[in-house]
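Fair warning: this is a prediction, and the values are worked out from it, not measured in the lab. The figures that follow rest on heavy atoms only: side chains count, while hydrogens, waters and symmetry mates do not.
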Amino acid sequence: MRGAVLHAPGDVRIEQLPDPSIVEPTDAIIRMSATCVCGSDLWPYRGINEVPEPTPIGHEYCGVVEEVGSDVTSVRPGQFVIGSFIASDNTCPQCRSGYQSACAHRVGMTGAQAELLRVPHADGTLVATADHPDAELLPSLLTLSDVMGTGWFAAVAAGVQQGMTVAVVGDGAVGLLGVLSARQMGAERIIAMSRHEPRQKLATEFGATDIVPERGDDAVARIRDLTDGIGADAVLECVGTDEAMTQAIRSTRAGGGVGFVGVPHGVSIPGGRLFSTMVRLHGGPAPVRRFLPDLIDATLRGEIDPGRVFDLDLPLDEVAEGYRAMDERRAIKAFLRP
């Protein structure tokens, strides 16, 4: 099969790789209908995360089941399925409490930017649709594998409720879908922090009522100004840097919540500073599997259209251009067709 391999920072190549096979009786093999480049893939691409050796890359996927192991009962060959970026058994105590990304037997997915993918814990990870979806729905369904589910979790973790004022730090795909999630949850006012016009426009179309282009202290001051000096009821931190986390905490009112889903890089939260804010923090790797059934239904009913975050559509063979475009902020998110 063809698959993307990250060799070194800035060096992604399409190569011929061995076809995956059933290793455990709980595995499934799927033929990819669509995959994509994730913002978190840019950390190793930029050399911020170490790349010790050539590594197959990608963790967002949807496709058609080709083969299942002898113990798999919930999906069968021929079904269209979507799975989380973390494979989980969906039976351990963490899974039963709704935190499948902390499954006792979790497996981080990789190698999804390819024609075929082996999915461990198929029964606990994959969710099948009743029918094969129309092609135009593929982008939206693909987002449910990670970025839409992650944006949704950011809103859940922040405690977004009907009538709230919500701020979103980050205008990548997760941040934009955090805006969409907050709107779906009934937020009355949504402040999107973005300085890029195409992203500002999409944020507004997803439900943002205000745009704040400032960063750091200036952004915090602007949020306070927009909220009569109080701060937002809930803030979604969708970047993962120390500046973004500090901005999120300082933009939140006392008693409000920060939902943080940006993969942390250099984040430090002094205890004394957090203590004085009386702000609640909750987040981490999103338990996408918890939300998949409801988000699939909402997508198929036309209630949400998260696939609009894809503004670059490429064949898999041009994956390197997808990385370059996202790295240079020429694209929000690159959709790949195997």
Out of Gln100, Arg290, Arg96, which residue meets the side-chain hydrogen bond (donor to acceptor under 3.5 Å, both in side chains) rule with Asn90? Gln100

Heavy atoms, side chains only, cut-off 4.5 Å: are Leu226 and Arg189 in contact? yes

Does a salt bridge link Glu205 with Lys201, judged by any charged N lying under 4.0 Å from a carboxylate O? yes

Could you walk me through whether Asp305 and Ser140 pass the side chain to side chain donor-acceptor pair (under 3.5 Å) check? CA-CA 6 Å; Asp305 186 13; Ser140 285; 2.9 Å; yes

Tell me, do Asn49 and His265 make a side-chain contact under 4.5 Å, heavy atoms counted? yes

Using the rule that two of Ile, Leu, Val, Met, Phe, Trp, Tyr join whenever any of their side-chain heavy atoms come within less than 4.5 Å, decide whether Met109 and Leu126 are in one cluster. yes

Is Thr125 close to Pro120 at the side-chain level, that is, under 4.5 Å between some pair of heavy atoms? no

Please name all residues satisfying side chain to side chain donor-acceptor pair (under 3.5 Å) with Asp242, sequence neighbours left out, ordered by chain then number. none

Can you find a pair of side-chain heavy atoms, one from His59 and one from Ser40, that are under 4.5 Å apart? yes

Is there a path from Val81 to Leu144 through hydrophobic residues (I, L, V, M, F, W, Y) whose side chains come within less than 4.5 Å of each other? no

Electrostatic pair Arg222-Asp225, nearest N-O below 4.0 angstrom: yes

For residues 151-177, run the donor-acceptor check on the side chains, cut-off 3.5 Å, and write out each pair with its distance to 0.1 Å, sequence neighbours left out.
unit_1: Asp171; atom_1: OD1; unit_2: Arg329; atom_2: NH2; d: 2.9
unit_1: Asp171; atom_1: OD2; unit_2: Ser194; atom_2: OG; d: 2.6

For residues 97-136, pull every pair meeting ring pair (Phe, Tyr, Trp, His ring centres under 6.0 Å), keeping only residues two or more places apart or in separate chains. Tyr99-His282

Between Asp297 and Asp294 (side chain of the first, backbone of the second, donor and acceptor by atom type, cut-off under 3.5 Å), is there such a pair? no

